Amino acid sequence: MSKRVGLLTGGGDCPGLNAVIRAAARRSFDRGYEVIGVREGWRGLVEGKHEVLGRREISGLLPRGGTILGTSRTNPYKLDGGVDQVLGHFGDLGLDALVAIGGEDTLGVAARLYAEHELPVVGVPKTIDNDLSATDYTFGFDTAVFICTEAIDRLHTTAESHNRVMVVEVMGRHTGWIAVLSGIAGGADVILIPEQPMPIDDVCTTLRKRHGNGKDFSIVVVSEGYELEGLEDAGEVDQFGHVRLGNRGVGDTLAQQIEDRTGFETRVTVLGHVQRGGSPTPRDRVLATRYGLKAADLVHEGRFGRMAALQGDTIVDVSLAEATAELKTVPPEWFEVARAFFG
Ligand code: F6P
């Protein structure tokens with residue numbers, strides 16, 4: 001029996017979204033299913049925005065960053081009548097299933113719609129932050145780490161030439177995955193993440209010791225969510241209750257404090273949305289492709305309320321509820337690898 005399958009990308013974009021769309025659509029076409037692209041995340045189902053996807057629309061997507069479907073941080077649970085509109089448009093479109101590609105917010109909505117309304121939905125774990133539970137990796141993360149590592153390599157050469165401390169602020173929201181992995185790969189001298197709140201005094205002591213041992217430059221990688229004394233969250237929150245951590249300016253404040261306390265000339269680089277742009281790494285293309293095929297298979301088998309996940313090197317499925325119950329933080333043993341090279 002033929003099916004109509006909806007695909008939706010929500011939350012912050014990241015490299016690999018289009019590769020998931022391509023894979024899920026290709027496998028669905030092979031089964032004779034129709035594929036509908038829902039525009040701009042949950043907003044598309046609230047407002048009824050969609051497009052029919054055929055083989056031509058999904059051609060050439062593998063290396064392309066961003067998402068051809070558009071995305072948003074719309075939360076139907078925060079809009080008057082939002083959930084009813086989602087359910088209504090799902091019915092009007094004649095959808096049999098929905099593949100929601102997103103992070104904790106987008107998939108949190110999917111988990112609720114499944115639990116409360118039996119919406120036939122499956123999930124695919126996306127985010128550069130790598131903070132979703134029940135999966136070893138989300139796609140998009142490897143590309144972000146690659147971009148940050150390259151930036152750290154470049155900052156090394158200029159830091160060395162000028163005898164400077166370079167502070168590099170990276171994304172990651174309330175977890176330090178990007179900071180830890182790119183910091184290890186780039187040989188950072190200090191890495192600061194929300195899970196391991198190293199005080200500024202200790203940071204300066206480490207840098208002084210390093211410079212005392214004959215080094216004239218240092219690289220400090222700081223996660224945007226690192227708690228620095230005196231720094232407050234500011235500005236509006238989005239529909240999922242998140243403030244924009246990038247607005248806190250943790251990198252700037254940290255750089256100023258390091259310079260004031262140590263006397264070492266210090267500069268800051270905030271990598272920002274560069275971390276989410278451009279073409280996915282081969283690893284992310286492959287992971288996104290495997291996730292897309294798995295999601296299409298879950299739809300075919302009618303196994304809803306599930307999410308494609310990576311455990312070890314195997315693609316499995318886990319419950320959406322489990323994946324979104326809590327954030328996956330950086331375990332101490334990962335931080336210990338980084339700390340072995342501090343100073
Ligand atoms: O969740 C992905 C992410 O890039 C976070 O690392 C960051 O805090 C946030 O999104 C930035 O959001 P926006 O694109 O809305 O500025």
Side-chain angles (χ1 to χ4, degrees), residues 8-18 20 40-43 65-67 69-75 78 100-110 123-133 135 137-149 151 168-183 191-195 221-228 231-254 269-278 280-281 284 287-288 307 323-324 326-330:
L8 164 162
T9 54
D13 71 339
C14 80
L17 284 163
N18 288 324
V20 177
E40 297 165 19
W42 291 113
R43 186 191 293 154
T67 163
L69 298 178
T71 185
S72 72
R73 296 197 191 277
T74 300
N75 181 355
K78 288 287 169 197
I101 309 162
E104 47 145 349
D105 297 331
T106 303
L107 297 184
V109 170
V124 175
K126 159 243 70 155
T127 167
I128 63 163
D129 304 334
N130 198 39
D131 58 358
L132 263 174
S133 290
T135 185
Y137 289 100
T138 54
F139 74 85
F141 173 65
D142 186 62
T143 309
V145 169
F146 180 85
I147 292 166
C148 294
T149 303
V168 191
E169 181 184 318
V170 301
M171 284 184 168
R173 210 161 246 168
H174 299 292
T175 66
W177 285 103
I178 298 177
V180 168
L181 269 81
S182 64
I191 302 172
L192 299 170
I193 62 172
E195 294 93 329
V221 176
V222 61
S223 204
E224 62 178 358
Y226 168 70
E227 292 298 337
L228 188 60
L231 211 61
E232 305 264 308
D233 288 349
E236 282 176 24
V237 294
D238 68 17
Q239 290 183 1
F240 289 92
H242 302 296
V243 288
R244 282 170 59 194
L245 291 174
N247 284 352
R248 298 193 315 155
V250 67
D252 277 317
T253 310
L254 179 68
T269 302
V270 180
L271 293 180
H273 292 81
V274 164
Q275 294 161 89
R276 294 214 316 242
T281 57
D284 270 339
L287 184 59
M307 182 187 86
T324 55
E326 58 179 350
L327 284 185
K328 184 184 68 187
T329 52
V330 176

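Just follow the structure's listing: the first ligand is 1, and inside any ligand the first atom is 1. Just so it is clear, the structure is predicted and the values come from calculations on it, not from any experiment.
Side chain of Trp42 to main chain of Thr106: a donor-acceptor pair is present (N/O by atom type, distance under 3.5 Å, no hydrogens or angles). For Lys126 (side chain) and Cys14 (main-chain N/O), no donor-acceptor pair under 3.5 Å exists by modelled atom type. Under a 3.5 Å cut-off, the side chain of Asp233 and the backbone N or O of Leu245 do not form any donor-acceptor pair.
Ligand 1 lies less than 4.0 angstrom from a heavy atom belonging to Gly172. Assignment of Ile128 to the shell around ligand 1 is supported, since a heavy atom sits closer than 4.0 Å. At least one heavy atom of His273 sits less than 4.0 Å from an atom of ligand 1. Put simply, part of Arg73 is less than 4.0 Å from ligand 1, judged by heavy atoms.
Regarding atom 11 (C) of ligand 1, its nearest protein heavy-atom neighbour is Arg276 NH1, 3.6 Å. Nearest non-hydrogen protein atom to atom 6 (O) of ligand 1 is Asp129 OD1, 2.7 Å.
When side chains are defined from C-beta on, Asp142 does not count as touching Leu287, because their heavy atoms never get closer than 4.5 Å. Arg73 is not listed as a side-chain neighbour of Gln239, based on a closest heavy-atom distance of 4.5 Å or more.
When the heavy atoms of Arg173, Glu224, Arg244, His174 are ranked by distance to atom 7 (C) of ligand 1, first place goes to Glu224.
A side chain to side chain contact (heavy atoms under 4.5 Å, CB included) with Phe141 is found for one member of Thr127, Thr281, Leu181 and no other, namely Leu181.
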